[in-house]
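Hydrogens, waters and symmetry mates play no part in the numbers below; they use all other heavy atoms, side chains included.
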Amino acid sequence: MIITNIATWEYKQDLEGLLFFSQRMLELSYDKSDFNEKNVSVSITDIINECLQYLELEEKGVYEVSNTELDSLLEEIIERVRDDVVIKNMLGDKIEYYLNSLKSGKDRKSLKNILEIIDLKINPMIYFEKIKDEVKKYVNDYKRKDDLVKTTTMFFNFLVSYGYQKGTIYFLVNKHFFDKSGVNKVKDINSLDDFYKFFDLEYKNFEVVFSASKIYSNISDSCEKVGLKVVDIKKPIYGKNFERKFYKDSDRKVYIVCEDVKALDYQHAMKVAEERVSLISDLFVVFYHNKKPWFSDYCLVYKHDKEHVVSLHKSSNIMTSLSENDLGYVEKIFPVFLTNFGLTSDSFNRFHRGVELHAHALETDEVASQILNLWICLEAVLITEKSKSHIATVASSVELIVSAYIIRKKISSLKKNIIQWDKEKFELAKSKLPENVQSDNDLVVAALVGVVDFKNIAGELLAEMNEQPLLRYKFMKLVREFQTRKSIEEVIDYYKVQCQRDIRRVYRSRNKIVHQGNINDHNDYIAEMAHYYLDMVFFAIIERKISFNDINSIDNLIQEMKITVECHKSYLKNNKSEKLKVIDFKNVLFGPTR
């Protein structure tokens with residue numbers, strides 16, 4: 001989450017909903033935001049199209065869809081429809097008839113027709129207008145924060161699934177709502193309508209220019225086949241300083257010009273052009289069997305009808321999107337890890353191979369390669385026996401680790417946000433807690449959100465967050481989720497289901513890449529998802545070995561996770577509706593201490 005400065009706002013109470021919306025949009029579009037907190041997902045149309053692709057492949061005799069796999073997708077579609085007020089409205093009175101027909105046992109042709117009808121009824125233009133109205137309704141009715149979070153996330157998901165780039169959205173939110181130059185002021189709710197105007201859903205013409213290796217001159221005819229021009233000399237058009245710098249030293253390089261690029265925004269144009277150049281580069285290696293010819297990580301993107309040009313750098317590798325605090329942690333733990341880490345030969349080889357594959361995934365910006373490497377990494381680390389299918393083994397193992405760590409991760413995420421907001425206020429609240437609670441900052445946050453006896457201290461801290469409504473909401477959401485055993489169980493169960501779906505989605509994406517050479521435009525989210533779960537696995541192995549030294553193998557880890565989860569369940573078993581007390585909140589929230 002990003003803590004915002006509202007110096008450009010003429011802030012008053014009735015703008016709280018708009019501030020909340022803008023903070024949530026920043027969180028969603030910022031690469032380094034916590035994966036769970038973003039809670040984004042593939043669009044429902046992507047899920048429908050995935051089902052239709054499987055049915056089509058089955059029809060052609062290429063692929064046999066298992067009912068289990070299909071039911072999982074259909075169940076997800078039904079849940080997403082029921083949870084989306086806009087789609088429910090678009091499907092109208094016949095909604096239950098459609099949803100009741102989404103069963104794997106139904107005739108495949110009828111099922112395909114129903115899916116196609118639902119897909120056609122979710123018209124993107126109509127959906128966008130309606131979701132904008134829903135967002136505005138809850139921006140005005142700002143006390144309904146759950147609804148505002150949901151509709152804002154749906155609004156963002158739509159923009160990304162339509163083709164707008166996260167970096168563009170992040171830039172526009174900052175420019176419009178938090179303009180450091182002070183030119184843009186937020187005075188009233190009409191700022192939301194002005195923000196909407198940035199997204200007209202229209203594809204526009206751009207020209208994109210990369211600098212590149214001179215070797216492209218030798219294959220210029222081939223480049224023209226995919227809409228690329230290779231030129232030795234190109235001059236600045238609009239006289240910008242960065243243009244002149246870009247075209248400097250042209251005797252040592254050539255320029256690849258992508259004309260008539262159809263895209264929604266400048267970053268989208270860069271992505272489309274980059275894919276064209278990458279195709280030529282990759283094909284060249286197939287024939288030449290030598291190092292891939294380079295082209296620049298940066299480019300100029302022109303919009304000539306507006307006589308405008310911007311300098312852009314390729315988006316950061318989605319796998320490098322770690323929190324800003326991670327380097328400090330690495331500096332502390334890395335020497336300890338190198339000194340003390342050791343596993344049995346087989347498990348160490350698995351761990352080493354996993355680390356190697358993780359590094360390969362980091363080295364490439366190509367999403368399909370990242371997904372393949374990350375999935376192989378999960379298999380290499382977790383599959384130690386052949387009693388179950390690979391997907392079942394990976395999914396069940398990762399689910400165990402998620403069950404053991406998810407509460408702690410959510411508390412740790414809130415802790416980071418509070419300290420980022422105001423460390424002094426956090427320390428003041430901490431000083432008012434019993435000494436045995438002050439030993440660890442995660443424990444401090446757990447006490448503030450979980451123990452009713454500390455509600456006055458928590459209330460004092462919350463009262464300071466008036467200009468950070470998203471942070472205040474996150475705090476109160478954990479209060480709701482973590483004050484009874486029943487609600488804690490519900491949180492764990494939610495993330496277990498989410499984990500199963502996510503892991504199976506990664507696996508299906510891997511299969512599409514391997515068997516069909518196919519990947520859709522939104523699979524950077526799949527790579528982010530796979531990386532998140534792989535990091536959880538690595539963290540579990542490292543923590544159990546370094547901090548507790550109670551495992552020597554991957555099998556040890558899985559058994560330890562099973563016992564940890566079962567032990568935690570025993571703490572959650574009785575007095576489910578009773579508020580947590582000081583004496584037991586630590587075990588109830590975190591599970592066994594070792």
Side-chain angles (χ1 to χ4, degrees), residues 25-26 29-31 124-125 128 132 155-156 158-181 183-184 191 193-212 216 223-248 250 253-280 295-316 365 521-522 524:
M25 287 293 288
L26 278 182
S29 56
Y30 184 49
D31 279 340
M125 304 299 176
F128 189 50
K132 286 192 294 186
F155 173 78
F156 173 83
F158 173 83
L159 291 177
V160 172
S161 67
Y162 195 81
Y164 286 99
Q165 301 302 292
K166 287 191 298 181
T168 298
I169 299 169
Y170 180 76
F171 169 78
L172 291 173
V173 173
N174 266 312
K175 176 185 175 183
H176 188 70
F177 293 112
F178 306 104
D179 182 13
K180 292 179 181 177
S181 72
V183 173
N184 295 319
S191 286
D193 293 320
D194 293 335
F195 178 70
Y196 285 160
K197 291 174 185 175
F198 289 124
F199 308 101
D200 56 13
L201 306 190
E202 292 181 7
Y203 279 74
K204 306 162 186 72
N205 282 330
F206 296 89
E207 179 182 299
V208 183
V209 184
F210 295 96
S211 61
Y216 283 97
C223 289
E224 287 185 11
K225 300 292 185 184
V226 292
L228 305 175
K229 284 185 180 178
V230 180
V231 298
D232 292 321
I233 298 173
K234 192 164 172 59
K235 300 292 185 183
I237 299 175
Y238 301 121
K240 302 289 187 181
N241 287 334
F242 59 78
E243 268 190 297
R244 286 194 288 270
K245 185 176 179 181
F246 184 83
Y247 294 124
K248 189 178 178 182
S250 58
K253 57 192 176 186
V254 297
Y255 301 99
I256 300 178
V257 182
C258 313
E259 297 177 332
D260 297 323
V261 176
K262 298 284 190 286
L264 290 160
D265 57 53
Y266 288 90
Q267 290 198 8
H268 189 209
M270 176 179 64
K271 181 179 179 182
V272 172
E274 181 192 339
E275 288 171 354
R276 286 191 204 170
V277 182
S278 291
L279 174 62
I280 283 291
F295 66 97
S296 56
D297 289 337
Y298 49 91
C299 63
L300 297 183
V301 183
Y302 290 90
K303 196 167 189 308
H304 293 304
D305 61 336
K306 295 213 172 162
E307 298 185 351
H308 190 241
V309 58
V310 298
S311 175
L312 294 178
H313 198 280
K314 283 198 297 188
S315 299
S316 61
D365 291 329
D521 289 337
H522 315 129
D524 54 347

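Contact between Lys253 and Ser211 at its shortest, heavy atoms only, is CD-CB, 3.8 Å.
When side chains are defined from C-beta on, Cys258 does not count as touching Phe206, because their heavy atoms never get closer than 4.5 Å. Proximity of Arg276 to Phe210: side-chain heavy atoms (C-beta onward) are nowhere separated by under 4.5 Å. Residues Phe171 and Lys175 have side chains in contact (heavy-atom distance under 4.5 Å, counting atoms from C-beta outward). A 4.5 Å side-chain heavy-atom check between Phe128 and Leu159 finds at least one atom pair inside the cut-off.
With sequence neighbours left out, Lys262 forms a side-chain hydrogen bond (donor to acceptor under 3.5 Å, both in side chains) with Asn205. Evaluation of the side-chain hydrogen bond (donor to acceptor under 3.5 Å, both in side chains) rule for His304 yields Glu207, Tyr238 as partners, not counting sequence neighbours. In this structure, the side-chain hydrogen bond (donor to acceptor under 3.5 Å, both in side chains) partners of Lys132, at least two apart in sequence or on a different chain, are Glu129.
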Phe156 vs Lys166, test: side-chain contact (heavy atoms from CB on, under 4.5 Å). Steps then yes/no. CA-CA 9 Å; Phe156 173 83; Lys166 287 191 298 181; 3.8 Å; yes
Show your reasoning for whether side-chain contact (heavy atoms from CB on, under 4.5 Å) applies to Tyr170 and Asp31. CA-CA 9 Å; Tyr170 180 76; Asp31 279 340; over 6 Å; no
Passes side-chain contact (heavy atoms from CB on, under 4.5 Å), Phe246 versus Lys234? Steps please. CA-CA 10 Å; Phe246 184 83; Lys234 192 164 172 59; over 6 Å; no
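Relative ring orientation between Phe198 and His176 is described as perpendicular, the plane-to-plane angle rising above 60° on a 0-90° scale split at 30° and 60°.
Put simply, CG on Asp265 and NZ on Lys271 are 10.0 Å apart, with the number rounded to the nearest 0.5 Å.
Between Tyr196 and Phe155, the ring centre distance stays below 6.0 Å.
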